[in-house]
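Nothing fancy with the numbering, it's 1 onward along the sequence. What you see below is based on every heavy atom in this structure, not just the backbone, and it leaves out hydrogens, waters and symmetry mates.
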Amino acid sequence: MTTKIGIIGDGHVGCTVAHELIISGLVDDLVMIDVNEGKVNADAIDFEDAMANLPYHTNIIVNDYDALKDADIVISTLGKISLETKGDRFQELEYNKKQLSPITESIKNSGFNGILIVISNPVDAITSLYQQLTGLPKEHVLGTGTLLDTARMKKVVAKKFNVDPRSVSGFALGEHGDTQFTAWSTVKVFEQPLTELAKNESWQPSDLEDEIKFGGQNVFMGKHYTNYGVSAAAVRIVRAVLTDSRTELPVSSYQEKYGTYMSYPAIVGRKGIVHKINLQLTPAEEKLLEKSAAAIKEKSQA
């Protein structure tokens, strides 16, 4: 059984996702789509040049929406990062909205009926628009959301205790943007709540918020885009879908309670969102989640 994945957008993130998929052996047929034909064709040739020195082979198809018909997954990385002059992801909203109509129409016309993973910013709003315009089930359309922000949180906490980030558990929730927050009540290290461990430290969990929240801006200021962290997050979702691993991930999915897409832990498998999680948050965290949902809806309507 072959695996086919489509990537719409061949910018910094799109080609990084493509590279990771190819070298990991996760994809047999890769459909790369971008309006910049010179760039996408050049990347396709470059990847083909690498095949003889790689452990896996991938067939690459360029700018053919019809090829998405039997794709398992389509990943949207379209965007214009140069618009984010102040690190505000909503600065890309109007530009990306204009791109969606012809793209989603082409996706529908192809007959694609797989899982759609959205990286494009502002990811919660764009994920919602993709679902509405394609008509795919809400469970089949999800965004990378705060999976990257959660990874940043784990990195920051792990450095405080000199452990591997994978030894830290917990979640960043809400908007992938200004109103995101770390639900500190969910964070554990050494299987102990961070809120308890911090009582013996000279710092409080809240002291780490800025480093977590603005970590992406530090990367952006250095090279004017981000790609590795979010690409790793996207490929982790891809792996969960393809292997039907049913992994708990804080992805952007439709939250009925709040009437919007935003990040909250869910079980991800072959059919996308296969189960919703119910966290026992503190009253203060619940208020932050409500605030984040309201902000996403307000900004999306602007």
Side-chain angles (χ1 to χ4, degrees), residues 8-9 13 73-79 88-101 103-104 107-108 112 114-150 171-183 213 216 230 233-234 236-238 240-241 247-269 271-279 281 285-302:
I8 299 174
V13 174
I73 296 168
V74 167
I75 304 168
S76 171
T77 73
L78 68 90
D88 180 3
R89 297 175 179 93
F90 266 86
Q91 290 179 307
E92 287 193 74
L93 179 60
E94 291 307 315
Y95 175 84
N96 286 345
K97 281 172 67 174
K98 292 176 182 177
Q99 316 305 310
L100 286 188
S101 183
I103 288 172
T104 53
I107 291 173
K108 288 170 65 176
F112 171 72
I115 304 302
L116 180 57
I117 299 172
V118 181
I119 306 175
S120 305
N121 279 322
V123 70
D124 305 291
I126 298 299
T127 304
S128 179
L129 286 169
Y130 259 115
Q131 190 279 318
Q132 294 171 44
L133 293 170
T134 61
L136 289 168
K138 290 184 174 69
E139 295 78 13
H140 291 184
V141 183
L142 59 155
T144 47
T146 58
L147 183 54
L148 174 56
D149 306 292
T150 295
F171 305 103
L173 302 176
E175 175 193 8
H176 176 55
D178 290 343
T179 60
Q180 72 172 65
F181 67 97
T182 298
K213 185 174 180 180
V230 72
R236 188 179 181 195
I237 299 171
V238 167
V241 172
T247 303
E248 183 182 59
L249 300 171
V251 293
S252 185
S253 61
Y254 187 75
Q255 301 296 316
E256 289 82 359
K257 180 179 178 181
Y258 300 101
T260 187
Y261 268 83
M262 67 175 177
S263 286
Y264 197 90
I267 301 299
V268 179
K271 294 184 179 180
I273 304 296
V274 298
H275 186 73
K276 298 287 183 72
I277 305 298
N278 184 26
L279 296 174
L281 300 176
E285 290 167 345
E286 289 284 2
K287 287 183 179 179
L288 288 173
L289 198 59
E290 291 172 5
K291 177 183 177 182
S292 196
I296 293 168
K297 289 191 283 188
E298 180 183 358
K299 292 177 183 176
S300 299
Q301 293 170 357

*Could you tell me which non-hydrogen atom of Lys271 sits nearest to which non-hydrogen atom of Ile115, and how far apart they are?*
C-CD1, 3.6 Å
*Could you walk me through whether Ser253 and Gln255 pass the side chain to side chain donor-acceptor pair (under 3.5 Å) check?*
CA-CA 6 Å; Ser253 61; Gln255 301 296 316; 3.0 Å; yes
*Which heavy atom in Asn96 sits nearest to a heavy atom in Ser120, and how many Å separate them?*
ND2-CB, 4.4 Å
*asked:* Quick check: closest heavy atoms across Lys138 and Tyr261, and the distance to 0.1 Å?
replied: O-OH, 3.3 Å
*Report the C-alpha distance between His176 and Asp149 in whole Å, list the side-chain angles of each, state the deciding distance to 0.1 Å, and finish with yes or no for side chain to side chain donor-acceptor pair (under 3.5 Å).*
CA-CA 8 Å; His176 176 55; Asp149 306 292; 2.6 Å; yes
*asked:* Using every non-hydrogen atom in the two residues, find where Val123 and Gly143 come nearest and quote the distance to one decimal.
replied: CG2-CA, 4.0 Å
*About how many Å separate CD1 of Ile119 and OG of Ser252, when rounded to the nearest 0.5 Å?*
12.5 Å
*For the pair Thr150 (side chain) and Phe171 (backbone), establish whether a donor and an acceptor sit closer than 3.5 Å, ignoring hydrogens and angles.*
no
*Measure the shortest side-chain to side-chain distance between Asn121 and Ile126 over non-hydrogen atoms and say whether it is less than 4.5 angstrom.*
no
*Leu116 and Tyr130: which non-hydrogen atoms are nearest, and at how many Å?*
CD2-CD2, 3.5 Å
*Would you find a donor on one side and an acceptor on the other, under 3.5 Å apart, between the side chain of Ser292 and the backbone of Gly174?*
no
*asked:* Quick one, Thr260 with Asp124, criterion side-chain contact (heavy atoms from CB on, under 4.5 Å). Give me CA distance, side-chain angles, the key distance, then yes/no.
replied: CA-CA 8 Å; Thr260 187; Asp124 305 291; 5.7 Å; no
*Salt-bridge contact Lys97-Glu94 (side-chain N to carboxylate O under 4.0 Å)*: yes
*Under 3.5 Å, side chain of Gln131 to main-chain N/O of Leu136, donor-acceptor pair present?*
yes
*Under 3.5 Å, side chain of Tyr258 to main-chain N/O of Leu289, donor-acceptor pair present?*
no
_Derivation and outcome, side-chain contact (heavy atoms from CB on, under 4.5 Å), residues Ile273 and Val251_ = CA-CA 9 Å; Ile273 304 296; Val251 293; 3.8 Å; yes
